[in-house]
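Reading through the structure tokens given below for one structure.
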There are 2 protein chains.
Amino acid sequence: MNIGEIARRAGVSRSTVSYALSGKRPVSEDTRRRIQQVVDELGYRPSASARALANGRTSTIGLVFPPAGNHYTGMQLDFIGSVVEAAAAHDYDVLLSPSGVDSDRSFQRLLGERRVDGAILMEIRLEDDRVDHLAALDFPAVAIGRTAHPERGWWVGLDHTALAAACVHHLADLGHRRVAFVNRPEQLLRAGYESAHRGLDGFTKAAAERGLTVRTYCCGDDAASGQACLEQILHDDPATTAVVTLNEAALGGLYGGLAKAGRHVPRDFSVTGVVASRWAETVTPQLTAADVPAAELGRRAVDLLVERLDHPGASPRHHLLAPPISLRASTGPAGGTSFAQAQTPTHPYS
Amino acid sequence: MNIGEIARRAGVSRSTVSYALSGKRPVSEDTRRRIQQVVDELGYRPSASARALANGRTSTIGLVFPPAGNHYTGMQLDFIGSVVEAAAAHDYDVLLSPSGVDSDRSFQRLLGERRVDGAILMEIRLEDDRVDHLAALDFPAVAIGRTAHPERGWWVGLDHTALAAACVHHLADLGHRRVAFVNRPEQLLRAGYESAHRGLDGFTKAAAERGLTVRTYCCGDDAASGQACLEQILHDDPATTAVVTLNEAALGGLYGGLAKAGRHVPRDFSVTGVVASRWAETVTPQLTAADVPAAELGRRAVDLLVERLDHPGASPRHHLLAPPISLRASTGPAGGTSFAQAQTPTHPYS
DNA sequence: TCACTTCATCGAACCGGTTCGGCGAAGCTA
DNA sequence: TAGCTTCGCCGAACCGGTTCGATGAAGTGA
């Protein structure tokens, strides 16, 4: 079941079999057919390890994803799925690497032992030693997210600043004046997660621009924290009429808190944010939100990585996406007057 | 940066370096230290491909997971995460394989090209050709789920029959007489997905045993389908007072539909089912449900697989889990009387 | 001092592919 | 028919590890 066996049965040399299968040198039609027939009969497939050893490429890309300790979000699952599918389309396999407690160890496995040709990194921080490390090694990698120095790297990212700002403008256009911001957990913000930072920035600046009164909160990645956070918001400023959130996992809790407080969405209170569409559609009423195009990000990351692998030395490229806000049913005008949702915005946010 | 370079710098032969690092033959303390020093200085790590080629083991396991076409559930993400972590603990990497449209192709990659030492299969069907195929090849694999012939294989699974039955008994104990069942999509049921089949079985039998009036529904894996399904349920039998669901993704829609119909949970209507705890806690009120121990299933699957890899020829083993129902806030006595949730059940379901 | 064991190390073969240089036969030109 | 090119294939080396058998030096006992 190795190439020598095929060669023997087809009555040719091993190299001829190799060339017949790879097409890298011409082989007479006659012998090619003979070899192919033997291959088909025996169901022969070349060993990935041997091939990787010989030509120095594993046809595998590493996906460095956050440890299980963090709660996974729907977004991350969509990333993984789309990365795997896109990679398969380019004939690459995907090796998962937990960048968990012992992240050095798994990095050593991926890079040191040369298990992968390139890597895709998730959950980027503004100052990210992993990104710096890979850049220093000139190892082909693409980040899903921007560091503080995005010009130097390969990445695909979401314009969290613009998205959070768009949410603010949307609410301001609806007449809301007192708005709260529900961020990811404080621990992640302190660790420098880019979405938490840039989202907060975008929110703060846009709110200042529109002269809104705001409060910002960090909130654990679970429903209970969301509910507690909302109670805190209403306690701190009962006149709050809207929230913007980046926290998918807390969303259910926010809604729960509003229900408990007797605030009807969207009549008494508006909710919006940056959330994967699948989650935005899960809650009732469905969330008006900037839909995170997770699958597209994953696909584009793979495309960039494959491009980088095919053209070593190419100059850095990136994609910054800013999807429009999808109007659903969770926002309405401030003041409780109920009129049609589809009014014309006075500020362009899509 | 290969073993020859290390050998040269340490003034020994390649084989000595290999033995010093693997410990498979004694090496004098003196030379061992010298080799180790060179290794540390250069940050040498042996190439995974070369090692795999030489000793025939890749230290990688394949995780065959459903295509992105299906909506991913929180459960699946937890599987993936726990499998990766458990594999890392055993010094294995995890290669993702989409068992999608072109599942033969990715199987060929995994097995034919010998990229993995073993495999873990998700989303098992009662009659599953993948399981049969791997069993016929005697390829080390562990299924997360049981086929119709579980005695022959290696698997970890959830006792969906018992879990669905426990939900029925729970509702019956609360006095519910007219109960609906919300299954996964019809397409999956027809395809023979075991959770859909066994869950339906358990529900039906337990309901018959308790003399309940039931209706069963299939429902798409998304919120909109869930809402539509609930409307259908109330249309078909407005006297329905409870549902049991296996469909995580439809849960939000079911709640939405109930809210829209003006049925208060749990006062007017009870909801329960088999759902990962993270999702059960997301909805308001939190779902009383049999929590799917996804992380534990993943971990156990890896443990079984590693055991099988370490002891070829061992006889099949498996784990069948039946977690208890976690009482939360989505079920209450039939008839709308509101009393404390924590009453003593008359039927043992935990 | 010689025969025998033990210990540390080496050289070579092997895993299963890829790739380079070369060689003989056939085809073409003169 | 000699000389040259082209075509199709072969043999050998190589990728970077692991492993087996052998070898020489040191240690042991008679």
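The sequence lines fix the lettering, A, B, ..., with proteins before strands; numbering per chain opens at 1. What you see is a predicted model, and the numbers here were worked out from it, not measured in a lab.
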**Request:** Say whether A:S18 and A:S15, considering side chains only, have a donor N or O and an acceptor N or O under 3.5 Å apart.
**Result:** no
- Query: Under the 3.5 Å rule, do the base of D:dG8 and the side chain of A:T16 count as making a donor-acceptor pair?
  - Reply: no
Separation of D:dT19 atom C1' from B:N55 atom CG, nearest Å, is 10 Å
Quiz item: A:Y19 side-chain donor-acceptor pair to D:dC10 base, under 3.5 Å: no
Which side-chain N or O atoms in residues 132-157 of chain B pair as donor and acceptor under 3.5 Å with protein atoms at least two apart or in another chain?
unit_1, atom_1, unit_2, atom_2, d
B:T147, OG1, B:H149, N, 3.1
B:W155, NE1, B:P150, O, 2.8

A:R34 meets the salt bridge (Lys or Arg N to Asp or Glu O under 4.0 Å) criterion, sequence neighbours left out, with none
B:R299 meets the side chain to side chain donor-acceptor pair (under 3.5 Å) criterion, sequence neighbours left out, with none
Chain A vs DNA chain C, heavy-atom contacts under 4.0 Å, first-to-last nucleotide span, 5' to 3', is C:dG16 to C:dG22
As a check of understanding: the bend across the helix from C:dT1-D:dA30 to C:dA30-D:dT1, end axes from five pairs, rounded to 10 degrees, works out to 50°
With sequence neighbours left out, the residues meeting salt bridge (Lys or Arg N to Asp or Glu O under 4.0 Å) with B:D30 are none
Taken in chain and number order and not counting sequence neighbours, the residues that satisfy salt bridge (Lys or Arg N to Asp or Glu O under 4.0 Å) with A:E29 are A:R32, A:R33
Heavy atoms under 4.0 Å, any strand shown: does A:R114 hit a base, just sugar-phosphate, or nothing?
-> sugar-phosphate
So salt bridge (Lys or Arg N to Asp or Glu O under 4.0 Å) across residues 38-50 of chain A, not counting sequence neighbours, yields A:R45-B:E113
For A:A10, the side-chain contact (heavy atoms from CB on, under 4.5 Å) test, sequence neighbours excluded, returns A:V12, A:I35, A:V38
Tabulate below the donor-acceptor pairs under 3.5 Å that side-chain atoms of residues 49-65 of chain A make, not counting sequence neighbours, or state none.
unit_1, atom_1, unit_2, atom_2, d
A:N55, OD1, A:R57, N, 3.2
A:R57, NH1, A:Y92, OH, 3.3
A:T58, OG1, A:T60, N, 3.3
A:T58, OG1, A:R115, O, 3.3
A:T58, OG1, A:D117, N, 3.4
A:T58, OG1, A:D117, OD1, 3.0
A:T60, OG1, A:T58, O, 3.1

Sorted by chain and number, sequence neighbours left out, salt bridge (Lys or Arg N to Asp or Glu O under 4.0 Å) with A:E296 holds for A:R300
Within residues 27-54 of chain A, those residues having any heavy atom closer than 4.0 Å to DNA chain D are A:V27, A:S28, A:T31, A:L53, A:A54
Of B:S13 and A:S22, the one whose closest nucleotide on DNA chain C sits nearer the 5' end is B:S13
Between B:A88 and A:P98 the two heavy atoms that sit nearest each other are CB-CG, 4.5 Å
